[in-house]
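Comments concern the structure below.
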Amino acid sequence: MAAPRLATKAQRLTLRPDGSLRLAVVADTHSLPHPKAAEYLTARAPDAILHAGDIGDLGVLDGLARIAPVHAIRGNIDTHTSDLPDVLTLDLVRASEDPQPLLRILLVHIGVYGPKLRAEVAASARAQEAQVVVCGHSHVPFIGRDRGLTVFNPGSIGPRRFHLPIVFGTMDVTPTGLRLAHVDCETGATWMPP
């Protein structure tokens, strides 16, 4: 039996005139973002927010949109909406008319199995010429490389799952590269694995 066809969408984000862009990345809000998440997201002054699925109540997106424009996908619990794609490709461009992106991001909900990219996600990223895969689902914050691709899971800003931290991610694009980090929703400090 063939795999179900996923709804995909593509969008473009324009870098600032100095060649930089700050993205906040969240996932797995499950209708209940941490009470301090909005404060700490606002403090990071993102140009846009990416939501990697398992939104829950779509009002969560309205709250995030008060901070910055939101680009979101459905997660496996988001069966109540068809307004959001399952997969989103984001092209980061220097100017809106640039035909070639500086960086292409593939935003999916279920992207990894442990620390490894799922084969179909890696194939999709390569087919779309993405350099970065952003995913959610596991609630496990992760920055790594697999199959020649950067993999970024922002963790979860929703209810605590097991012993996992409540964190979100930041992606800072600069003229010299890409910096990925996690921010603790309980303290506002940069989060590092123990």
Side-chain angles (χ1 to χ4, degrees), residues 9 11-16 18 20-88 90 92 103 105-111 132-143 151-174 178-194:
K9 190 173 180 182
Q11 295 178 348
R12 296 167 68 84
L13 297 174
T14 304
L15 301 180
R16 298 174 187 163
D18 68 358
S20 69
L21 187 75
R22 171 167 282 176
L23 300 174
V25 187
V26 302
D28 300 288
T29 48
H30 294 270
S31 301
L32 296 169
H34 188 277
K36 292 200 169 206
E39 174 187 342
Y40 294 137
L41 284 163
T42 300
R44 294 300 188 277
D47 296 296
I49 298 173
L50 310 184
H51 196 307
D54 277 3
I55 299 158
D57 183 329
L58 294 179
V60 167
L61 298 180
D62 296 332
L64 293 172
R66 286 192 278 280
I67 301 166
V70 176
H71 304 273
I73 58 165
R74 280 193 298 249
N76 56 294
I77 71 160
D78 299 318
T79 56
H80 55 282
T81 181
S82 61
D83 294 340
L84 298 172
D86 297 302
V87 179
L88 182 60
L90 292 155
L92 280 51
L103 182 70
I105 300 168
L106 184 71
L107 183 62
V108 300
H109 183 59
I110 302 174
V132 179
V133 174
V134 173
C135 59
H137 186 63
S138 69
H139 297 227
V140 178
F142 179 76
I143 300 170
V151 182
F152 187 43
N153 187 322
S156 168
I157 65 168
R160 186 178 306 279
R161 185 178 188 192
F162 309 117
H163 64 282
L164 296 171
I166 302 171
V167 296
F168 63 88
T170 59
M171 299 178 73
D172 285 306
V173 178
T174 70
L178 175 65
R179 250 188 344 260
L180 305 173
H182 292 97
V183 177
D184 188 311
C185 280
E186 295 175 300
T187 66
T190 299
W191 179 86
M192 297 294 288

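Any value given below was found using the heavy atoms of this structure, including those in side chains, with hydrogens, waters and symmetry copies removed. Model, not experiment: these values are computed from the prediction.
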Does some side-chain heavy atom of [Y] sit less than 4.5 Å from a side-chain heavy atom of [X]?
X: V26; Y: L41; answer: yes
X: L180; Y: V132; answer: no
X: H34; Y: E186; answer: yes
X: D86; Y: H109; answer: no
X: V134; Y: L23; answer: no
X: N153; Y: S138; answer: yes
X: V173; Y: L15; answer: yes

With sequence neighbours left out, what residues match R44 under salt bridge (Lys or Arg N to Asp or Glu O under 4.0 Å)?
none
So, for [X] and [Y], which heavy atoms are closest and what is the spacing to 0.1 Å?
X: I49; Y: A68; answer: CG1-CB, 4.0 Å
X: D78; Y: R74; answer: O-CD, 3.3 Å
X: S31; Y: D57; answer: OG-N, 2.7 Å
X: I166; Y: G158; answer: CG2-O, 3.8 Å
X: F168; Y: C185; answer: CD2-SG, 3.7 Å
X: A72; Y: P85; answer: O-CD, 3.6 Å

Is the backbone of [Y] close enough, under 3.5 Å, to the side chain of [X] for a donor and an acceptor to pair up by distance?
X: H80; Y: G56; answer: yes
X: D54; Y: N76; answer: yes
X: D184; Y: W191; answer: no
X: H139; Y: G155; answer: no
X: H30; Y: L32; answer: no

Strictly below 4.0 Å, N to O, side chains only: are R22 and D47 in salt-bridge contact?
no
Hits for side chain to side chain contact (heavy atoms under 4.5 Å, CB included) against P33, two or more places apart or cross-chain, chain-then-number order -> T29, V60, I157
To the nearest 0.5 angstrom, please state how far the [atom1] atom of [X] sits from the [atom2] atom of [Y].
X: I73; Y: I55; atom1: CD1; atom2: CD1; value: 8.0 Å
X: L13; Y: L92; atom1: CG; atom2: CG; value: 5.0 Å
X: H51; Y: D28; atom1: NE2; atom2: CG; value: 7.5 Å
X: T42; Y: K36; atom1: OG1; atom2: NZ; value: 13.0 Å

Applying side chain to side chain contact (heavy atoms under 4.5 Å, CB included) between H71 and each of L88, L61, I105, L84, report the one that passes.
L88
Kindly state whether the ring of H182 and the ring of F152 have centres lying under 6.0 angstrom apart.
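Distance test on ring centres: under 6.0 Å, yes.
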